[in-house]
Amino acid sequence: MDSRQLPHIPITVFTGFLGAGKTSIILSLLPLLPKDYKVVLLKNEFGDVQVDSQLAKQSSLTAVSEILNGCMCCVLVGQMETALREIRDRYRPDRIIIECSGSAFPATLAFQIRELERQTNNDLRLDAIVTVIDAENFTGYEDTSPTAKMQASYSDIILINKHEHVDEHALDILIDNLNTLNLDTPKIKCNGRNGVDPNVLFGIDSKLFRDPIPMGIEDHHDEVKTLTAYRGFLPTCRNHEHHDRESCASHTEMDVDKDMFESALASLNKESVWRVKGFVRLDSAIWILNWAFGRYDLTLSKGDASFMQDASIRLTIMGDKYELSRKPIPAAVKKFCADLQVQVV
């Protein structure tokens, strides 16, 4: 059947600064959708540690497509276009959700999708740009992050996440700041872990970015520096002979001490480190870490763990570009790495 005779495929774009909670909100939508409603997630992650994608694969998503090691609103433009076409041709989903990296600029991304609309005769169509705001930390990083301001300024819907962690006065200040950036866009408080009703987010038919890009907003703000922290172990002796059985046993995989791990996380300075995510071996199992601005979750990884067969820790550390680019690295990051005995690569 000619794809032009089928309903078009709407695309919902989720933006928001590092640690705002984009993945959690997307996953919270899925149980609220009809069981036969097919959603494919196209996710852009910093670094090469596929943390949020691993969480997404444990959900009811039809498929997860990943774009790693860069931002698809600028240097990975071609990869995004190719991925969207492949998703359409392979899965023909009811909806595509794009989850951007924390430093993605929504305008640049939206213009690329608008171009795809023309190329595909509206078979792929931008439905909405949704910006997720971290109520607890937005007022801290909006002054230093032009991208965070742009994300809030160019959006169809603003979701206020983690508002339960702030008092009413702080929430009022936040909403005033958001109204200054974007008065007309609806601002909706998320319902904790239950996220938000998908009927509020889907079917918007965005009118944003249909005209040529305005002067002065086309620059991408590369504000985030990433570091990869790795702690590996030697494989168990196989296919060889030696007589030192104690030495052989010491080369098996080693769990990370949980108390030490939690203490190391508590030592991080959220002024320079904004996000840490990755995998850690605890209690003879692989756990997924999501740390953002001092708060963190550990989720048991239920999928294929072969990528951790030579490691007990694989983390991506994200933070202020200027702080994390310093030589030597900031003392708090150095202590964190030393406590966990990880190498920074």
Side-chain angles (χ1 to χ4, degrees), residues 15-25 27-28 45-47 49 51-52 55 101-103 131-145 147-149 151-152 159-171 173-174 177-178 189-190 192-193 195 223-229 256-280 282 287-300 313-326 329-340 342 344:
T15 70
F17 205 64
L18 295 170
K22 299 183 291 294
T23 302
S24 297
I25 289 174
L27 296 183
S28 73
E45 293 211 56
F46 282 110
V49 181
V51 179
D52 294 334
L55 280 172
S101 68
S103 68
T131 298
V132 181
I133 297 295
D134 176 354
E136 190 174 17
N137 294 292
F138 183 77
T139 53
Y141 56 65
E142 67 164 330
D143 291 335
T144 58
S145 172
T147 301
K149 289 183 178 180
Q151 290 169 343
L159 296 181
I160 302 176
N161 200 23
K162 306 182 186 180
H163 58 86
E164 64 272 19
H165 299 309
V166 301
D167 58 32
E168 287 297 322
H169 178 66
L171 185 60
I173 293 174
L174 169 66
N177 290 347
L178 292 174
K189 292 193 293 185
C190 294
R193 292 285 183 179
E223 303 160 355
V224 181
K225 170 75 173 178
T226 65
L227 303 173
T228 298
V256 176
D257 181 82
K258 189 171 183 179
D259 290 338
M260 179 187 68
F261 185 66
E262 292 177 342
S263 176
L265 289 175
S267 71
L268 287 170
N269 179 1
K270 68 179 186 179
E271 300 301 321
S272 55
V273 177
W274 299 327
R275 188 86 191 273
V276 181
K277 57 184 181 179
F279 301 90
V280 58
L282 299 169
W287 293 78
I288 302 170
L289 169 71
N290 263 301
W291 181 98
F293 296 98
R295 298 184 183 274
Y296 72 92
D297 289 319
L298 283 169
T299 305
L300 182 65
I313 296 176
R314 288 185 65 193
L315 301 175
T316 297
I317 302 170
M318 293 161 274
D320 183 270
K321 176 181 179 180
Y322 301 102
E323 285 292 311
L324 295 191
S325 296
R326 284 168 41 195
I329 60 175
V333 178
K334 185 176 181 180
K335 181 181 185 303
F336 173 78
C337 294
D339 288 347
L340 294 182
V342 296
V344 177

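Numbers here are sequence positions counted from 1. These numbers come from the heavy atoms of this one structure, side chains and all, not from hydrogens, waters or symmetry mates.
Looking at residues two or more places apart in sequence or on another chain, you find no side-chain contact (heavy atoms from CB on, under 4.5 Å) involving Ser263. Remark: Asn269 pairs with no residue by the side-chain hydrogen bond (donor to acceptor under 3.5 Å, both in side chains) rule, at least two apart or across chains. With sequence neighbours left out, the side-chain hydrogen bond (donor to acceptor under 3.5 Å, both in side chains) criterion links Lys189 to no other residue. Every residue two or more places apart in sequence or in another chain was checked for a side-chain contact (heavy atoms from CB on, under 4.5 Å) with Glu164, and none qualifies. Applying the salt bridge (charged side-chain N to carboxylate O under 4.0 Å, His left out) criterion to Lys334, with sequence neighbours excluded, gives no partner residue. Remark: Thr131 engages Thr15, Ser155 in a side-chain hydrogen bond (donor to acceptor under 3.5 Å, both in side chains) (not counting sequence neighbours).
Under the side-chain contact (heavy atoms from CB on, under 4.5 Å) rule, Leu174 has a single partner from Val166, Ile133, Asp134, which is Ile133.
The minimum heavy-atom distance between Val276 and Val273, with the atom names listed, is CG2-CG1, 3.8 Å. Minimum interatomic distance between Phe17 and Lys22 (heavy atoms only, all atoms of both residues): O-NZ, 3.4 Å. Nearest heavy-atom pair, Gly319 versus Leu324, reported as atom, atom and distance to 0.1 Å: N-CD1, 3.4 Å. Contact between Leu265 and Trp291 at its shortest, heavy atoms only, is O-NE1, 3.8 Å. Considering every non-hydrogen atom in both Lys162 and Gly19, the closest pair reads NZ-O, 2.5 Å. Residue Asp320 comes nearest to Trp274 through the heavy atom pair CA-CH2, 3.6 Å, listed as atom of the first residue, atom of the second, then distance.
Side chains of Asn290 and Arg275: a donor on one and an acceptor on the other come within 3.5 Å.
If you take OG1 on Thr228 and CE on Met318, they are separated by 9.5 Å, rounding to the nearest 0.5 Å. The line from CD1 of Ile288 to CG of Asp297 is 11.0 Å long, rounded to the nearest 0.5 Å.
Checked by atom type and distance alone, the side chain of His165 never pairs as donor or acceptor with a backbone atom of Ala135 at under 3.5 Å.
For the pair Lys225 and Glu323, the minimum side-chain heavy-atom distance is 4.5 Å or more.
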